[in-house]
Amino acid sequence: MMKFFSTRRLVFVIIGIVVTVALLTGSVLVRNRRATPPAIQQFGNDVAGVVARVVNWPVAVTHGGYDSVAQLLDTYQENTQLRAKVDDLAQEKVRAQVLESENKALKNQLNLNETLTDYSLINATVISRAPSAWLSQLIINAGRNAGIKKDMPVVSGKGLIGRISEVDRTTSKVELLSDDSGSANRFAIQITNKKGEAMYGIVSGYSRNANRLIVGQVTSNIKLHKGDQVLTSGLGGITPKGLYVGEVDSVHNDASGLSKSVYIKPATDFGNINFVSVAIEK
C-alpha cells in the first residue's frame, strides 16, 4: 500500500513539472509574439508598480527631508561662522582705530615735551569727564603723590588746556580754558604779531559754536593778523609765562568802537582730550 502511494505521488510530481514547463514555454512564446504582455501579466505589473511607488514614496520623502535639514544645518553653521568672522573683523577695526588715535595723541605729547624746555612734565591720563561739564573740567589719574599742586598749568596736544583746580592723593581736577562759567579763573595771555609787537589781555570767554577762545575788551592799537601766536604772559603770577595757547583767528570791533575782541583758535581740541601733562616750571 505504501509503495502504491509513493508511486502515485511521483507521477503527480512529474505531471506538475511537465505542466509548469509547458506553461512557461507557452508564456514565453506568447510574449515574443505580442507587442504587449497578456492582460493578467499587465495587471500584475501595474499592481507591483503601484505597490513599489507606495512603499518608496515615504522613503524618498524622508530622504529628501533629511537632505534639506542637513543643508539647512550646514547653511546655519556657515552663516554663524561668517557672522563671527565679521564681528571679529569689526572689533579688530575698532581696536585698530583706538590704538591709532592713542598713538597719535601720545606722539603729540612727545612733541610737546620736546618744546617745553623750561618745564618738567608729569604725564597723566584722563579718567573721568562728566557730560554736563565736558568743556569745563576733567579728572586725571595723578595727584599729590605725583607732586601735583593746585594752579599748575596743564597741557595736551600742542598747547595749554587749563590748570589744576583741585588735588587729591591720586587724582586731580583740571579746569579747562574753555570753561565759560563766571567762577572760572581767567588766563593772562600775550599776543605777538609778525613785527614782534606784543599785546596783552585776558581770556574772558569761549565760543562753543565756533570753538574759539575770546579775549575781550582789548584797547591796544597794535595791529593783529590771523595766525599771530598766543602765549601765556605770566602776569598775575598764577600761570607761568610762555605756554602756547593757540593763534589769532579773527579780530572784531565792539559795538562801542572803543575796544575789540580777539578770537583765538586753541592749540588743542577741548572735546577730545585723553592724555595730559602737568607742567612744573624748573
Side-chain angles (χ1 to χ4, degrees), residues 105 108-109 112 116 124 126-140 150-167 172-193 198-220 222 224-256 258-279:
N108 288 335
Q109 285 302 110
L112 179 63
L116 296 177
V126 177
I127 59 174
S128 177
R129 198 169 185 181
S132 59
W134 193 262
L135 294 175
S136 300
Q137 61 187 26
L138 51 82
I139 307 296
I140 60 175
K150 184 179 179 180
D151 291 329
M152 285 183 173
V154 182
V155 294
S156 179
K158 297 180 180 179
L160 181 72
I161 63 167
R163 64 164 63 95
I164 300 295
S165 60
E166 294 181 15
V167 183
S172 299
K173 181 183 293 185
V174 179
E175 180 186 77
L176 299 175
L177 270 169
S178 52
D179 185 0
D180 56 1
S181 63
S183 60
N185 290 326
R186 302 307 178 188
F187 287 80
I189 55 92
Q190 171 185 333
I191 305 175
T192 305
N193 62 16
M199 186 209 75
Y200 298 89
I202 301 291
V203 176
S204 57
Y206 175 75
S207 173
R208 299 195 175 197
N209 293 332
N211 185 30
R212 295 293 182 265
L213 300 169
I214 303 173
V215 180
Q217 298 182 347
V218 177
T219 57
S220 173
I222 294 176
L224 298 178
H225 299 87
K226 185 174 183 177
D228 288 343
Q229 283 195 342
V230 182
L231 307 175
T232 55
S233 65
L235 299 177
I238 297 178
T239 304
K241 180 180 180 180
L243 295 176
Y244 183 60
V245 176
E247 61 183 31
V248 174
D249 181 65
S250 59
V251 180
H252 302 274
N253 291 323
D254 295 339
S256 63
L258 300 177
S259 61
K260 53 191 174 185
S261 296
V262 181
Y263 284 71
I264 300 170
K265 179 181 178 181
T268 302
D269 180 8
F270 294 114
N272 184 25
I273 301 174
N274 297 309
F275 305 97
V276 302
S277 297
V278 182

Query raised in the report: Any idea which heavy atoms bring Y244 and A267 closest together, and the distance?
Result: CE2-CB, 3.5 Å

Query - Polar side-chain atom of T192 near backbone of A198 as donor-acceptor pair, under 3.5 Å - result: no

Query raised in the report: Do K260 side-chain atoms and S220 backbone N/O form a donor-acceptor pair below 3.5 Å?
Result: yes

**Report entry** Gap between atom CG of D180 and atom OG of S136 - 0.5 Å precision
**Finding:** 6.5 Å

**Report entry** Where N274 and N272 come nearest, the two heavy atoms and their spacing
**Finding:** ND2-OD1, 3.6 Å

Query raised in the report: L231 and K241: side-chain contact (heavy atoms from CB on, under 4.5 Å), yes or no, with the steps?
Result: CA-CA 7 Å; L231 307 175; K241 180 180 180 180; over 6 Å; no

Requested in this report: Hey, could you give me the CD/OG1 distance between Q190 and T232, rounded to the nearest 0.5 Å?
Outcome: 8.5 Å

Requested in this report: State whether the side chain of S233 and the backbone N or O of L235 hold a donor-acceptor pair below 3.5 Å, judged by distance alone.
Outcome: yes

Query raised in the report: Hey, are the side chains of L177 and F187 touching, using non-hydrogen atoms and a 4.5 Å cut-off?
Result: yes

**Report entry** R212 NZ/CZ over Y206 ring centroid, <6.0 Å and within 45° of normal
**Finding:** no

**Report entry** Pairwise side-chain contact, I161 with V155, heavy-atom cut-off 4.5 Å (strictly under)
**Finding:** no

Query raised in the report: Where is the tightest heavy-atom contact between P153 and L160, given as atom of each residue plus distance?
Result: CB-CD1, 3.8 Å

Report summary line: Residues S261 and D254: closest non-hydrogen pair is OG-OD1, 3.2 Å

Requested in this report: Show the numbers, then the answer: is there a side-chain hydrogen bond (donor to acceptor under 3.5 Å, both in side chains) between D179 and S181?
Outcome: CA-CA 6 Å; D179 185 0; S181 63; 2.8 Å; yes

Query raised in the report: Can you find a pair of side-chain heavy atoms, one from D151 and one from I164, that are under 4.5 Å apart?
Result: no

Query raised in the report: Under the 3.5 angstrom rule, does the side chain of R129 hit a backbone N or O of L138 as a donor-acceptor pair?
Result: no

Query raised in the report: Do the non-hydrogen side-chain atoms of L213 and V245 ever get within less than 4.5 Å of each other?
Result: yes

Query - Donor-acceptor contact below 3.5 Å, side chain T268 vs main chain F270 - result: no

Requested in this report: For T239 and L243, work out which heavy atoms get closest and say how close.
Outcome: CG2-CD1, 4.2 Å

**Report entry** Side chain proximity check, I214 to S207, heavy atoms < 4.5 angstrom
**Finding:** yes

Report task. May I have the step-by-step check of side-chain contact (heavy atoms from CB on, under 4.5 Å) for I139 and V126, ending in yes or no? Result -> CA-CA 6 Å; I139 307 296; V126 177; over 6 Å; no

Report task. Indicate yes or no: at least one non-hydrogen side-chain atom of E247 is less than 4.5 angstrom from one of D228. Result -> no

**Report entry** Steps toward side-chain contact (heavy atoms from CB on, under 4.5 Å) verdict (I264, V230)
**Finding:** CA-CA 8 Å; I264 300 170; V230 182; 3.7 Å; yes

Report task. Keeping the roles fixed (side chain from S156, backbone from F275), state whether a donor-acceptor pair exists under 3.5 Å. Result -> yes

Query - Any donor-acceptor pair under 3.5 Å from S259 side chain to T219 backbone - result: no

Report task. Give the C-alpha distance, both sets of side-chain angles, the deciding distance and a yes or no for side-chain hydrogen bond (donor to acceptor under 3.5 Å, both in side chains) between R186 and S204. Result -> CA-CA 6 Å; R186 302 307 178 188; S204 57; over 6 Å; no

Requested in this report: Quick one: pull up CD1 in I127 and CD1 in I140 and give me the separation to the nearest 0.5 Å.
Outcome: 8.5 Å

Requested in this report: Provide the closest heavy-atom pair for L176 versus W134 in the form atom of the first, atom of the second, distance.
Outcome: CD1-O, 3.8 Å

Requested in this report: Answer whether the closest heavy-atom distance between the side chains of I191 and I222 falls below 4.5 Å.
Outcome: no

**Report entry** Q137 and V174, any side-chain heavy atoms less than 4.5 Å apart
**Finding:** no

